[in-house]
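In what follows, chains carry the letters A, B, and so on, assigned in the order in which the sequence lines appear, proteins first and then strands, with residues in each chain numbered from 1.
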Amino acid sequence: MTGMKKPVPQAVEINRRVWSTVQQIPEGKVATYGQVADLAGLGRAARRVGRALRELPAGSEVPWYRVIRAGGQIAFPTGSSAFNRQRKLLEAEGVSLINGRIDLGVYGWQRTLDELLWKPD
DNA sequence: GTCTTGACTAAGC
DNA sequence: GGCTTAGCCAAGA
């Protein structure tokens, strides 16, 4: 089986974890690449998240547009079709951009803090 | 096998 | 506030 090329399921597994994590981002909220990487168990491999999202099949239910840069900006070049698409999807959920930026203090998905403060317990 | 690229981030100017 | 540099890590060429 030397010629048998293994599909390196590890990479696929990582993609699955990233996508699964992104799906947990609630509507109207956004998360950063680094945050998703951390939650997905990838440490600080933020670029890995970007790659996983790029590999994302079209028509998936994964809200890829809820993932933005650490500075609150959309990762695509301003004005590009992808940028406009993402902005529109975000605004449709109530996430507005101010000067091309998203206020992470307002729309940031502070999972841990959120649960600590809101968990009725 | 090395080099470049990229849906990133933090730090410095 | 924005631009540059360095660190990062895996996929392609």
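Within the structure, no pair that satisfies the side-chain hydrogen bond (donor to acceptor under 3.5 Å, both in side chains) test touches residues 44-59 of chain A, not counting sequence neighbours. Listed by first then second residue, pairs satisfying salt bridge (charged side-chain N to carboxylate O under 4.0 Å, His left out) with a partner in residues 96-108 of chain A number zero, not counting sequence neighbours.
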Could you walk me through whether A:Ile68 and A:Gln86 pass the side chain to side chain contact (heavy atoms under 4.5 Å, CB included) test, one step at a time?
-> CA-CA 10 Å; A:Ile68 61 175; A:Gln86 183 168 9; 4.0 Å; yes
Could you give me the CA-CA distance, side-chain angles and deciding distance for A:Ile74 and A:Leu97, then say whether side chain to side chain contact (heavy atoms under 4.5 Å, CB included) is met?
-> CA-CA 10 Å; A:Ile74 287 176; A:Leu97 279 74; 4.0 Å; yes
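Residues from residues 71-97 of chain A lying near DNA chain C, meaning a heavy-atom separation below 4.0 Å, are absent. Looking at residues 41-61 of chain A, you'll see A:Arg47, A:Arg48, A:Arg51 sit with a heavy atom under 4.0 Å from some atom of DNA chain C.
When the C1' atom of B:dA7 is taken as reference, atom CH2 of A:Trp19 falls 14 Å away, rounded to whole Å. Regarding A:Asn15, its CG atom lies at a distance of 13 Å from the P atom of C:dA10, rounded to whole Å. What separates CD1 of A:Ile68 from C1' of B:dT9 is a distance of 14 Å, to the nearest Å.
Under the rule for a side chain to side chain contact (heavy atoms under 4.5 Å, CB included), the partners of A:Ala75 that lie at least two apart in sequence or sit in another chain are A:Tyr33, A:Arg69. Listed by chain and residue number, A:Arg87 satisfy the side-chain hydrogen bond (donor to acceptor under 3.5 Å, both in side chains) test with A:Asn84 (two or more places apart in sequence, or in another chain). With sequence neighbours excluded, no residue satisfies side chain to side chain contact (heavy atoms under 4.5 Å, CB included) with A:Ala92. Legend: residues meeting salt bridge (Lys or Arg N to Asp or Glu O under 4.0 Å) with A:Glu93, ordered by chain and number and at least two apart, are A:Arg66. Qualifying side chain to side chain contact (heavy atoms under 4.5 Å, CB included) partners for A:Ser20, counting only residues two or more places apart in sequence or in other chains: A:Gln24. Partners of A:Ser60 by side-chain hydrogen bond (donor to acceptor under 3.5 Å, both in side chains), not counting sequence neighbours: none found.
Listed by first residue number, the stems of DNA chain C with at least three Watson-Crick or G-U pairs below 3.5 Å are B:2-6 with C:9-13, B:8-13 with C:2-7.
A donor-acceptor contact shorter than 3.5 Å is absent between the side chain of A:Trp19 and the backbone of A:Glu61. A:Gln35 places a side-chain N or O within 3.5 Å of a backbone atom of A:Trp109 that can act as its donor or acceptor partner.
Taking only side-chain atoms of A:Trp64, from C-beta outward, the nucleotide of B:dT9, B:dA7, C:dG1 with the closest atom is B:dA7. Side-chain atoms of A:Tyr33 lie closest to B:dA7 of the nucleotides B:dA7, C:dG1, B:dA10.
Atoms OH and CD1, on A:Tyr107 and A:Ile25 in that order, are 16.0 Å from each other to the nearest 0.5 Å.
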Could you go through nucleotides 11-13 of chain B and list every protein N or O atom that sits under 3.5 Å from one of its N or O atoms, giving the distance for each pair?
none

